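Read the numbers this way: they start at 1 and go in the same order the structure lists the ligands and their atoms. None of these values were measured; they are calculated from a predicted model.
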Amino acid sequence: MRSHRRTTRVLGSLLLVAAAGISSFAAAPSGAAASPTVTPLGQIVPAPLKAEPAGPGFEITAKTRIRVEKGNAAERRAGEYLADVLRPATGYKLPVTDSGGSDGIRLRISAEPANKALGAEGYRVISARGSLTITSWSDAGLFHGIQTVRQQLPAALEKKTRQRGPWRIAGGTIEDTPRYGYRGTMLDVSRHFFTVDQVKRYIDQAALYKLNKLHLHLSDDQGWRIAIDSWPRLASYGGSTQVGGGKGGYYTKAQYKEIVAYAASRHLEVIPEIDMPGHTNAALSSYADLNCNGVAPPLYTGTEVGFSSLCVKKDVTYDFVDDVIRELAALTPGEYLHIGGDEAHSTSHEDFVAFMEKVQPVVAKYGKKVMGWHQLAGANPVKGAVVQYWGYDKTGAAEREEVVNAAKNGTKLVLSPADRAYIDHKYTKDTPLGLSWAGYVEVERSYDWDPATYLQGAPADSVMGVEAPLWTETLSTSAHLDYMAFPRLPGIAELGWSPAATHDWEKYKVRLAAQAPRWDALGIGYYKSPQVPWPGK
Ligand code: ACM
């Protein structure tokens, strides 16, 4: 439950090393004589499983080709994406070709055992004189390998105009695979509406750090953001404002599909959330029938929580839920549909349980799996449900226990501890944007925890991964999102991807600092935390 306590705390340097089930190797420092423009192999975020420097490495030149196999559409897509990344700043043609030959950049997807051994999202990069090879079992793995190559190149690569090279990549081999299958971020497009282009920008930022889930918080008290044909006023009226009273907005189905397709092209699965039974004022204002008293409340543009509830006892509520979930499921190629369930303070516990008993099967009926905030753990989560833990250091034992017990009974967990992973929170009392009900979340605090041991008593294998929610009560522009996500989002991405054995704040902060020129080149304005040794500091 949200409290509005403001507390400052200082976290001691706590090093948590998980007894992870996969073998892991710390990234080796480069032994090669590094020119200032060559990033040592493996000095990237997230830290790779294994990096073995060797030899002089690869240089992209005007003659470089990107080689894919004839007839392999996934390799070609990856090749075109890589070319789009490399062409503006290098100014080179970089043709994508299937004409054979072994020099240049080679992209290969194959089910050979060495690739399968790195898992569905793993990849291998071999950088040598004359050739750079990225291999994977899957197109997602190839894409992640491309992000690695991108980070091994000079930051000026990210500029949109031609820059001076050379474009060298340190020599050697990187083998990499994620620790967790769920590595997400959530964008709250309800408190403030963000356009399709703003969401795409955020997707690209997440993809650079190998995140693979975009949770979209599509409805809340202040705004309903997705067109639902059978209940059109949800979007046209319920989407017509936002926090502070601005004009809000919503996605047409075509626009929403564009977001989903763009995310898929970056190998992120979109998980749509319709928050229920609380956080529903926008829906309640749009349709009087949904209210127990039959009276539609006014639209809401403030930032309080917990005052709204769907009418659990009315049949029309379940017609509404069925229609919304059916239409949303039809727009969702991914596995999960998030039904919220947090802060239902205006719904009795008995009603909350009854509501979730009726709603969870609707998600299954339309072919999706249930995801919910961790309050769902107190309401008989269905088999296969995932609960998202958003407690913090002040969360009561009973509430934690409920989640731990659900995990022991097979419910999977996504961890978003509010005092660590909530990237909507203020960094310090003096930083300008964000909330602070869970305390201040400086960069070290956000990074320095271990998902495997965070919720004591929960089996380590109940943890599917991590997610960084970006709530937007105080955020209304892409510049605001940038400032909150950077530099914390890469840290949550590293917790989700990198082996526990690589976890080390002192080393991480140096790799993180080295990202700053890349953010500058991308036009990302970040928080210059005094905890991080930024270049030139
Ligand atoms: C939440 O922050 N209410 C999930």
Side-chain angles (χ1 to χ4, degrees), residues 1-6 182 184-192 213-223 225 243 271-283 300 302-310 336-347 349 352 355-356 370-379 381 385-396 399-400 402-403 406 411 413-426 433-441 446 454-455 465-475 481 484-485 488-489 492:
M1 201 167 99
R2 285 189 173 183
S3 72
H4 293 269
R5 206 182 351 249
R6 285 169 177 256
Y182 191 114
T185 183
M186 187 207 79
L187 185 60
D188 170 9
V189 294
S190 179
R191 270 51 176 273
H192 281 97
K213 311 285 178 196
L214 176 69
H215 167 183
L216 284 178
H217 187 73
L218 290 170
S219 69
D220 212 303
D221 293 318
Q222 298 86 347
R225 306 299 180 204
V243 167
I271 298 171
E273 177 187 356
I274 298 296
D275 203 347
M276 302 179 280
H279 289 281
T280 43
N281 188 76
Y300 181 70
T303 58
E304 289 304 310
V305 299
F307 60 87
S308 57
S309 179
L310 291 173
Y336 292 99
L337 217 141
H338 201 303
I339 56 173
D342 58 322
E343 295 173 313
H345 305 322
S346 299
T347 320
H349 179 67
F352 183 76
F355 179 82
M356 287 303 179
V370 170
M371 194 161 167
W373 297 106
H374 76 247
Q375 282 68 23
L376 181 61
V386 173
V387 306
Q388 182 170 6
Y389 184 74
W390 60 284
Y392 65 122
D393 54 0
K394 302 283 188 296
T395 296
E399 191 173 333
R400 278 175 181 255
E402 217 163 57
V403 180
T411 296
L413 307 177
V414 167
L415 299 181
S416 302
D419 56 341
R420 307 282 187 164
Y422 264 37
I423 58 173
D424 70 311
H425 266 45
K426 288 167 81 84
L433 299 164
L435 304 183
S436 57
W437 57 263
Y440 301 117
V441 184
S446 185
Y454 180 81
L455 252 188
V466 293
E467 183 181 298
L470 187 43
W471 301 98
T472 60
E473 285 94 332
T474 68
L475 315 174
L481 303 183
M484 302 310 272
R488 290 178 291 198
L489 186 63
I492 301 299

Checklist entry - Does an N or O anywhere in W390 fall below 3.5 Å from an N or O of ligand 1? => result no
Checklist entry - Is D342 in polar range of ligand 1, meaning some N or O pair under 3.5 Å apart? => result yes
Item to check | Spacing of D221 atom CG and E343 atom CD [to the nearest 0.5 Å] | outcome: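 CD of E343 is found 9.5 Å from CG of D221.
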Item to check | Side-chain donor/acceptor of R225 to backbone N/O of S219, under 3.5 Å | outcome: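 Not confirmed, R225 side chain does not pair with S219 backbone.
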Checklist entry - Against heavy atoms of E343, which atoms of ligand 1 measure under 4.0 Å? => result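 Counting atoms of ligand 1 from 1, those under 4.0 Å from E343 are 3 (N).
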Checklist entry - Just which atoms of ligand 1 are under 4.0 Å from any heavy atom in Y422? => result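 Checking each atom against Y422, I get 1 (C), 2 (O), 4 (C).
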Checklist entry - Hey, are H215 and E467 close enough side-chain-wise for a donor-acceptor pair under 3.5 Å? => result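 Indeed, the side chains of E467 and H215 share at least one donor-acceptor pair under 3.5 Å.
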Checklist outcome for this item: Heavy atoms of R191 and T472 approach each other most closely as CB-OG1, 3.4 Å
